[in-house]
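Labels below follow one simple rule: chain letters A, B, ... track the order of the sequence lines, proteins then strands, and each chain is numbered from 1.
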Number of protein chains: 2
Amino acid sequence: MLATMTFFDETAVTAADKTFFQLRKDIVEGVVLAGSKLSETELSTKYSVSRAIIREAINRLESCNLVERKANVGARVVALTPEGLIELYQVRESLEGMAARLAAKNMTSQEIDDLNALLNTHFQKVKTGESYYQEAGDVDFHYRIILGSKNRHLITMLIDGIYHLVRMYRVQLGMSGPRITTAFDEHRHIVQAISNRDEELAEMLMRRHIMYSQRNVETKLEQS
Amino acid sequence: MLATMTFFDETAVTAADKTFFQLRKDIVEGVVLAGSKLSETELSTKYSVSRAIIREAINRLESCNLVERKANVGARVVALTPEGLIELYQVRESLEGMAARLAAKNMTSQEIDDLNALLNTHFQKVKTGESYYQEAGDVDFHYRIILGSKNRHLITMLIDGIYHLVRMYRVQLGMSGPRITTAFDEHRHIVQAISNRDEELAEMLMRRHIMYSQRNVETKLEQS
DNA sequence: GTTTAATTGATTGTCGACAATTTAAGGTGG
DNA sequence: CCACCTTAAATTGTCGACAATCAATTAAAC
């Protein structure tokens, strides 16, 4: 069933939508380089749409914190800095910690069962030694908890505003690394706390989980 | 000197800026009613600008979570619901708690001194019995700590994304109420923790402070 | 030779008109 | 009388052209 869990089916209805999604993808995956300038006319010809469309797309990208715009000057893709990554993780720790707390409070039994099922399939892959996690599994897990919080603001901020940036860092700095089995155990404990409706513990464990991930990323940065 | 602390001097350089600021003000203050439809042509004549300007302004308002837009249908000012207010406070508790933690870590001695000075002027007003707080003082205090976190994402999310909504709730639901002296003491303790560079305590106290405020607002909602 | 001023070129901001879609009204058939 | 289809009005989406602003190059003055 829900194989590639694309949760909020962002169906592009308008041309500006399509262009926005395409541009976002190209930026996140580094097709459009970090720090590069976004010329409206240039992109207009490249994506075969009018400048108005490009402008709207760029405006939305600015809302996602993927580009920065200056009046009468133009827009640039954000630069990827170590400080920026740290700041991102601090926000994640805060918001996802609260998400876990609220998930422990608001997720239905069914949703918790599904979450356990997801974890089991992950465990099977870990046991059989398949190359696990790299992206998809981890993202799925976090998305479910975020959605489980049932807090619209929280969901919007994280999914629309933070996660694309996180992915941009991961992709462009080549962060796919290990940290697999330990992360799996951490996920298990978090789900356990949610099952027990232990809000306090769920938040604490999620914050720790993200802190560990942050430190893992920091050491990776130092190496390069 | 810094009387009406308008921190991030949002100077309107372009016409879209001006219209955005004006429209945001009108929405927050209820001149444009919550839940009402935003007709592009109508606003275009009302504010004497082209539709393109209005569209850009509405897009930005959507980024602030002040309006919701549906493709090919239009934009509406968000509806104010008790649940929405709760969700807002949950996010604030999370983000401002982290802000206090980071402020304890990153604020300069000078900034902490200024914060203490601000608190003293507030105390004078409390002592002399002047009508205090209603808005300005409280906002000033929170803004300083948010900015003191030195975390760009945190700052943007709170100041550009949350606080206008909070103010919209306060203005339109007539939340100016009491809760003055107790809030002042809470502020004092938070600043004390920041002075001591006690990150843990600063976060905890800020989260409590916001929780108290939330409960205060909830009881007010029940009354009406 | 260095700094300042002016001009040119290119980019962004703004506008009005046209196309596509939705909503409402009206009519037709069951 | 209700349901469905058709049609018309209004609203949003998209476009190309023009105006305003900024960056760079060149010219001028000290």
How is Ile54(A) classified with respect to the nucleic acid when contacts are heavy atoms under 4.0 Å: base, sugar-phosphate, or nothing?
nothing

Look at Glu203(B) together with Arg207(A) and state whether they make a salt bridge at an N to O cut-off of under 4.0 Å.
yes

Glu93(B) and Arg215(B) ion-paired at < 4.0 Å:
no

Hey, which sits more toward the 5' end of DNA chain D by its nearest nucleotide, Ser48(A) or Leu38(B)?
Leu38(B)

Contact interval (first through last nucleotide) of DNA chain C with protein chain A, 4.0 Å heavy-atom:
dT11(C) to dT14(C)

Could you label the plane-to-plane angle of the His209(A) and His142(A) rings as parallel, tilted or perpendicular, counting under 30° as parallel and over 60° as perpendicular?
parallel

Considering only NZ, NE, NH1 and NH2 on the basic side and carboxylate oxygens on the acidic side, decide whether Lys37(B) and Glu42(B) come within less than 4.0 Å.
no

Does the pair Lys105(B)/Glu199(B) count as a salt bridge with the N-to-O cut at 4.0 Å?
no

If you measure from CD on Glu62(A) to CG on Leu38(A), what distance do you get to the nearest 0.5 Å?
11.0 Å

Between P on dT11(D) and NZ on Lys37(B), what's the gap in Å once rounded to a whole number?
7 Å

Identify the residue among Leu23(A), Thr19(A), Asp17(A) that makes a side-chain contact (heavy atoms from CB on, under 4.5 Å) with Phe21(A).
Asp17(A)

Do Arg152(A) and Glu68(B) meet the salt-bridge criterion of a basic N to acidic O distance under 4.0 Å?
yes

What's touching nucleotides 20-24 of chain D from the protein side, N or O pairs under 3.5 Å?
residue	atom	partner	partner atom	Å
dT21(D)	O3'	Asn72(A)	ND2	3.3

5'-most by nearest nucleotide on DNA chain D - Arg51(A) or Thr14(A):
Thr14(A)

Are Lys46(B) and Asp26(B) ion-paired here, with the side-chain N under 4.0 Å from a carboxylate O?
no

Using a strict heavy-atom distance below 4.0 Å, which residues from residues 57-69 of chain A are in contact with DNA chain D?
none

Taking atom types as modelled and ignoring hydrogens, do the side chains of His164(A) and Asn65(A) form a donor-acceptor contact shorter than 3.5 angstrom?
no

